[in-house]
Amino acid sequence: MNERGLDRDGTIAREGALERVPAAFVPVVDAARARIGETFGSTRLHSAYLYGSIPRGTAIPGVSDLDLQLALHDEPTEADRADANAIEAVLDRAFPQIDGVGILLTSTRVLLSDLERHDCGFFIACLCTPLLGPDLAEQLPRYRPTALLARETNGDLARVLPRWRAKAAEAATDADRWKLSRFVGRRIVRTGFTLIMPRWGGWTSDLYQSAELFGGYYPERVDQMRIAASIGRAPLPDPAVLGMLINDLGPWLAAEYTAVHGEKALRP
């Protein structure tokens, strides 16, 4: 992998590996593997993956969360979601070095579909680290930092903003605003980065680097993007900051994204 996150052939390198998991998080990963295997078994589970700061080796004890993607043989059911919720709760209680657990459930049909080739497929092939089962990346292409990839990963911000505004209006506690600000901050920065990704010609998931790279193309918005990166890593329950992201930076970014890359294909 070079300094722009690419392999020698110019395709985006897979960013994580089990060998990069920091020592403090190895027991967490081992427990997650065991719980997932015991709960879902081979009849429901095709494969499981880690993603985020833990497999990238940048996780901070007491700050970082544990992110997992499960690929199921069939479409997820309410029972599957209930089992995933139970695993999330058990792991979060057992390990103080993580601040929350998130488990995504998706069928292999969706992950390998043509519609998701440049979104969920890219996510599995480049941003996820295999934890259990056969690796779906073997059935997916190699990806390059193209406008198509930009559009299909983050070209739906305009559709997301109304939902964020509704959640912000409903947020009644600092805990609600803390959770929302972390999610919004991360998504804003990743959208800002993928806006400039084809021009920069590489890939990174580092929020701070993403903000600075974005600022090289849009210096008039870099201070706002730095704030988004900051709360993406260390959330603040500040309604004013959340409002700036949702009502100022967000709409501008959505409009610029559509102008440059177009809109993401609609999903059913």
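Each of Thr106, Ile103, Thr129, Leu105 was evaluated against Gln69; a single residue qualifies, Thr106, per the side-chain contact (heavy atoms from CB on, under 4.5 Å) test. Considering Glu75, His73, Glu116 in turn, Glu75 is the only one that fulfils the side-chain hydrogen bond (donor to acceptor under 3.5 Å, both in side chains) rule with Arg109. Tested against Glu15, the residues Arg4, Arg20, Arg56 include a single salt bridge (charged side-chain N to carboxylate O under 4.0 Å, His left out) partner, Arg56.
Under the 3.5 Å distance criterion, with hydrogens and angles disregarded, no donor-acceptor pair is assigned to the side chains of Asp83 and Thr39.
Both Leu18 and Val28 are assigned to one and the same hydrophobic cluster, defined by single-linkage of ILVMFWY side chains at heavy-atom distances under 4.5 Å.
When atom types are taken as modelled, the side chain of Asp176 and the backbone of Ala172 share a donor-acceptor pair closer than 3.5 angstrom. Remark: side-chain polar atoms of Arg177 are not paired, donor with acceptor, to backbone N or O of Asp238 under 3.5 angstrom. With hydrogens and angles ignored, the 3.5 Å screen pairs a side-chain donor or acceptor of Tyr49 with a backbone N or O of Leu136.
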Exercise. Apply the test side-chain contact (heavy atoms from CB on, under 4.5 Å) to residues Asp119 and Lys264: give CA-CA distance (whole Å), side-chain angles for both, the deciding distance (0.1 Å), then the verdict.
Key: CA-CA 10 Å; Asp119 189 6; Lys264 182 176 183 174; 2.5 Å; yes

Quiz prompt | Test log, rule side-chain hydrogen bond (donor to acceptor under 3.5 Å, both in side chains), inputs Thr204 and Asp206 | solution = CA-CA 6 Å; Thr204 180; Asp206 183 275; 5.3 Å; no

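Here side-chain hydrogen bond (donor to acceptor under 3.5 Å, both in side chains) pairs that include residues 24-34, with residues two or more places apart or in two chains, are Asp30-Arg33.
For Arg35, the CZ atom is loosely surrounded, since the number of other residues' heavy atoms within 6.0 Å does not exceed 12.
Checked against a 6.0 Å centroid threshold, the rings of His261 and Tyr257 count as neighbours.
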Listed pairs under 3.5 Å, donor-acceptor, residues 93-101 side chains, sequence neighbours left out:
{"unit_1": "Gln97", "atom_1": "NE2", "unit_2": "Ala24", "atom_2": "O", "d": "2.9"}

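Rounding to the nearest 0.5 angstrom, the gap separating the CG atom in Asp7 from the OG1 atom in Thr11 is 4.5 Å.
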